[in-house]
Amino acid sequence: MQRIRLRYTKRGRLRFTSHRDFQRAFERALRRAEVPMAYSAGFTPHPKVSYANAAPTGTGSEAEYLEIALTEARDPQQLRALLDESLPAGLDVVDAVEARTSGLADRLTASVWELRLDGVEPAEAARAVAAFQAAETVEVQRMTKNGVRTFDARSAVAHLESVQNPETHSSQADRPTDRPCAILRLVVRHVTPAVRPDDVLSGLRAVADLAPPVPAAVTRLAQGLFDEETGTVTDPLAPDREAATAPTEAGTAAAATAPA
């Protein structure tokens, strides 16, 4: 059985699709692309697809991940192209590797988010960010299935900055506009309870009364293993790529040192 790991996006209006909507669309794409899927056992077999840490409905993303199990070996890049053609524009499969290591979900320990605040002056956003960072704790509330829950949104935030020049924002972000706006770059650890971008916005409102006049456009730019030393988020598919090339490199080195 071969396992393939895929990175896909949610762009434009497709950011409003729920995780269940994407699951249905992806399973249809698997059938259209005639992917030789492995299926679960039991009375209601279903394709073996493992989804990891999906973004909330309404947010865009450049870094969603899943893993599929196949009954026949396929070239990851050819499979990526077939699936990408079978999905609607906006749900794009942008990377694929053969799974050669374990624990993909364990490597998704942090996310990088971009928050576009239309109608907010960058200087105002910068003051709110400074107040948020200076606070030891920032308590926010969120409605859950068990009622209103209060938790600290500050401890999960590894980095938060206001990008002063709107022209430096990512071209991949949703809802591009020529209007001046504040842009926040956020790195948040994946903790329990999960701290989402809207929780950070609630925290900014609590500590600095920052209230954008329109809903923020939120895009996940990356997710992966958080490096405490550098403060960066690494590519979770990199270990699989390295494992794929390691035998070839070792064989080349052995051939170079072998006696003539």
Side-chain angles (χ1 to χ4, degrees), residues 2-37 47-70 73-101 103-116 169-176 185-187 190 197 217-226 232-245:
Q2 183 188 37
R3 293 179 298 127
I4 302 292
R5 289 170 176 167
L6 304 170
R7 178 166 69 93
Y8 66 95
T9 71
K10 288 173 59 180
R11 295 169 173 162
R13 291 181 296 177
L14 272 298
R15 71 181 185 273
F16 295 108
T17 57
S18 69
H19 183 54
R20 184 167 294 183
D21 291 335
F22 174 78
Q23 286 179 307
R24 288 194 289 262
F26 186 69
E27 290 188 10
R28 286 195 296 268
L30 290 172
R31 293 193 293 270
R32 290 193 191 102
E34 299 182 344
V35 178
M37 290 295 299
K48 288 190 175 181
V49 184
S50 299
Y51 300 91
N53 195 39
T57 303
T59 63
S61 180
E62 295 295 317
E64 301 297 288
Y65 293 92
L66 60 81
E67 180 178 301
I68 59 177
L70 310 182
R74 291 289 186 271
D75 177 80
Q77 294 309 315
Q78 292 181 359
L79 182 64
R80 183 208 66 76
L82 287 171
L83 287 172
D84 189 47
E85 292 174 359
S86 302
L87 284 166
L91 299 177
D92 305 316
V93 182
V94 295
D95 201 0
V97 299
E98 183 174 0
R100 296 175 179 269
T101 62
L104 173 62
D106 294 336
R107 295 200 291 269
L108 303 179
T109 62
S111 289
V112 181
W113 297 91
E114 183 172 281
L115 289 66
R116 295 179 55 87
H169 78 275
S170 170
S171 61
Q172 296 173 329
D174 284 329
R175 203 169 69 189
R185 194 65 56 89
L186 167 69
V187 180
H190 298 165
V218 180
T219 302
R220 174 148 60 189
L221 301 181
Q223 66 171 320
L225 191 65
F226 181 68
T232 59
V233 174
T234 61
D235 179 6
L237 301 184
D240 296 300
R241 295 192 187 91
E242 293 169 1
T245 60

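Throughout, numbering of the chain's residues begins at 1 and tracks the sequence.
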query = Among R220, R7, K10, R11, which residue meets the side-chain hydrogen bond (donor to acceptor under 3.5 Å, both in side chains) test with E62?
reply = R11
ask   = Heavy-atom distance under 4.5 Å between the side chains of T101 and R5, does that happen here?
value = yes
key: Atom pair OG1/CZ of T234 and R107 - distance to nearest 0.5 Å   = 8.5 Å
query = Is the distance between the ring centroids of Y8 and F22 less than 6.0 Å?
reply = yes
note = Taken to the nearest 0.5 Å, the spacing of I4 CD1 from M37 CE works out to 10.5 Å
message = Quick check for you: to the nearest 0.5 Å, what is the distance between N53 atom CG and E64 atom CD?
response = 7.5 Å
query = What pair of heavy atoms forms the shortest contact from R100 to A244, and how long is it?
reply = NE-CB, 3.3 Å
request  = Verify, without hydrogens or angle tests, whether R32 (side chain) and S86 (backbone) share a donor-acceptor contact under 3.5 angstrom.
outcome  = yes
key: Sidechain-backbone polar pair: D240 side chain, A99 backbone, donor-acceptor under 3.5 Å   = no
request  = For the pair R80 (side chain) and V93 (backbone), establish whether a donor and an acceptor sit closer than 3.5 Å, ignoring hydrogens and angles.
outcome  = yes
ask   = Closest approach of G58 and F16, non-hydrogen atoms and distance?
value = CA-CD2, 3.9 Å
message = Using modelled atom types and a 3.5 Å cut-off, is there a donor and acceptor pairing between side-chain atoms of Q223 and backbone atoms of L108?
response = no
ask   = Given the rule in the side chain to side chain contact (heavy atoms under 4.5 Å, CB included) test, do H190 and F226 qualify, once you have shown the distances and angles that lead to the verdict?
value = CA-CA 10 Å; H190 298 165; F226 181 68; over 6 Å; no
message = Quick check: closest heavy atoms across W113 and P197, and the distance to 0.1 Å?
response = CD2-CG, 3.4 Å
query = What's the shortest heavy-atom distance between T219 and S61, and which atoms?
reply = CG2-N, 4.1 Å
message = Restricting to side chain to side chain donor-acceptor pair (under 3.5 Å), what partner residues turn up for R3, sequence neighbours left out?
response = E67
task = Under the side chain to side chain contact (heavy atoms under 4.5 Å, CB included) rule, what do L83 and L30 come out as? Steps first, then yes or no, please.
result = CA-CA 7 Å; L83 287 172; L30 290 172; 3.7 Å; yes
key: Validation row: L82, V35 side chains within 4.5 angstrom (heavy atoms)   = no
message = Nearest 0.5 angstrom please: L221 CG to L186 CG, how far?
response = 10.0 Å
message = Going by side-chain hydrogen bond (donor to acceptor under 3.5 Å, both in side chains), name the pairs with one or both residues in residues 16-27, residues two or more places apart or in two chains.
response = S18-D21, D21-R24
ask   = Between D92 and D84, is there a donor-acceptor pair closer than 3.5 Å when you use the side chain of the first and the backbone of the second?
value = no
remark   = Heavy atoms of L91 and A25 approach each other most closely as CD1-CB, 4.4 Å
query = Quick one: CG on D95 to CG on L6, what's the gap to the nearest 0.5 Å?
reply = 8.5 Å
message = For the CG atom of L225 and the OG1 atom of T232, what is their distance to the nearest 0.5 Å?
response = 9.0 Å
inquiry  = Under a 3.5 Å distance rule, please check whether Q2 uses its side chain to pair with a backbone N or O of R74 as donor and acceptor.
reply    = yes
key: Trace of the side chain to side chain contact (heavy atoms under 4.5 Å, CB included) decision for L237 with L104   = CA-CA 8 Å; L237 301 184; L104 173 62; 4.2 Å; yes
inquiry  = Working note: D235 + R241, criterion side chain to side chain contact (heavy atoms under 4.5 Å, CB included); need CA distance, chi angles, decisive distance, verdict.
reply    = CA-CA 10 Å; D235 179 6; R241 295 192 187 91; 2.7 Å; yes
